[in-house]
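Some notes on the structure that comes next.
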Amino acid sequence: MAQERTFSIIKPDATRRNLTGAVTKKLEDAGLRVVASRRVKLTQAQAEKFYEVHKERPFYGDLVSFMTSGPVVVQVLEGENAVAKNREVMGATNPADAEAGTIRAEFAESIDANSVHGSDSAENAKLEIDQFFTEDEIVG
Ligand code: ADP
Ligand code: MG
């Protein structure tokens with residue numbers, strides 16, 4: 001498969017515990033290249049927009065509060081089959097179900113404070129990347 005891009009967020013529970021490097025190492029060890037990266041504190045509006053697909057879910061309000069509770073690191077990852085590869089190295093949403101060795105199995109605190117976000121399709125990856133980065137900020 002050709003090179004592909006995906007979008008990643010290192011979530012506030014991970015930045016709070018100084019795990020930015022440890023999470024990034026997992027991504028790099030999986031063959032993903034960080035081609036853009038920025039540490040930011042999401043605004044309420046940014047978090048609401050980003051998680052709009054979950055607007056009707058009961059956890060939406062808590063999710064937006066959590067994602068604005070501290071700094072995050074937004075990243076563009078590049079590599080072969082990057083979307084699927086990132087989902088694999090992230091592990092299941094609920095860390096209790098995540099495979100050993102995955103980011104969430106090793107680092108997540110709970111189903112909500114689960115250390116990382118990763119796009120679930122190439123189409124969503126493009127939309128998510130476009131929300132945070134311009135093309136000239138992505139250097140492969
Ligand atoms: P993923 O991040 O694995 O793609 P989802 O897209 O289903 O998972 O959910 C987005 C985020 O919402 C999750 O990463 C997690 O932080 C939070 N979340 C999902 N399900 C729950 C839940 N049942 N209770 C609390 N938070 C949840
Ligand atoms: Mg998702």
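Whatever order the structure lists them in is the order used to number ligands and atoms, beginning at 1.
Contacts between H117 and ligand 1, counted as non-hydrogen atom pairs separated by less than 4.0 Å, are absent for every part of the residue. Contact annotation: for D112 versus ligand 1, heavy atoms closer than 4.0 Å belong to both the backbone and the side chain. Only the side chain of N114 comes within 4.0 Å of ligand 1, judged by heavy-atom distances.
Within ligand 1, the atoms closer than 4.0 Å to a non-hydrogen atom of H54 are 5 (P), 6 (O), 7 (O), 9 (O), 10 (C), numbered from 1 in the order shown.
An N or O contact shorter than 3.5 Å links R87 to ligand 1 by distance. Ligand 1 has no N or O atom lying under 3.5 Å from any N or O atom of R57, backbone or side chain.
Every residue two or more places apart in sequence or in another chain was checked for a ring pair (Phe, Tyr, Trp, His ring centres under 6.0 Å) with F107, and none qualifies. A search for ring pair (Phe, Tyr, Trp, His ring centres under 6.0 Å) contacts involving Y60 returns nothing, not counting sequence neighbours.
Inter-residue side-chain proximity for D112 and D62 is flagged as unmet; no heavy-atom pair is nearer than 4.5 Å. Looking at K11 and N114, their side chains come closer than 4.5 Å, going by heavy atoms from C-beta outward.
No side-chain donor from either of N124 and S119 sits under 3.5 Å from a side-chain acceptor of the other.
Looking at F50, Y51, F59, it is F59 that brings a heavy atom closest to atom 20 (N) of ligand 1.
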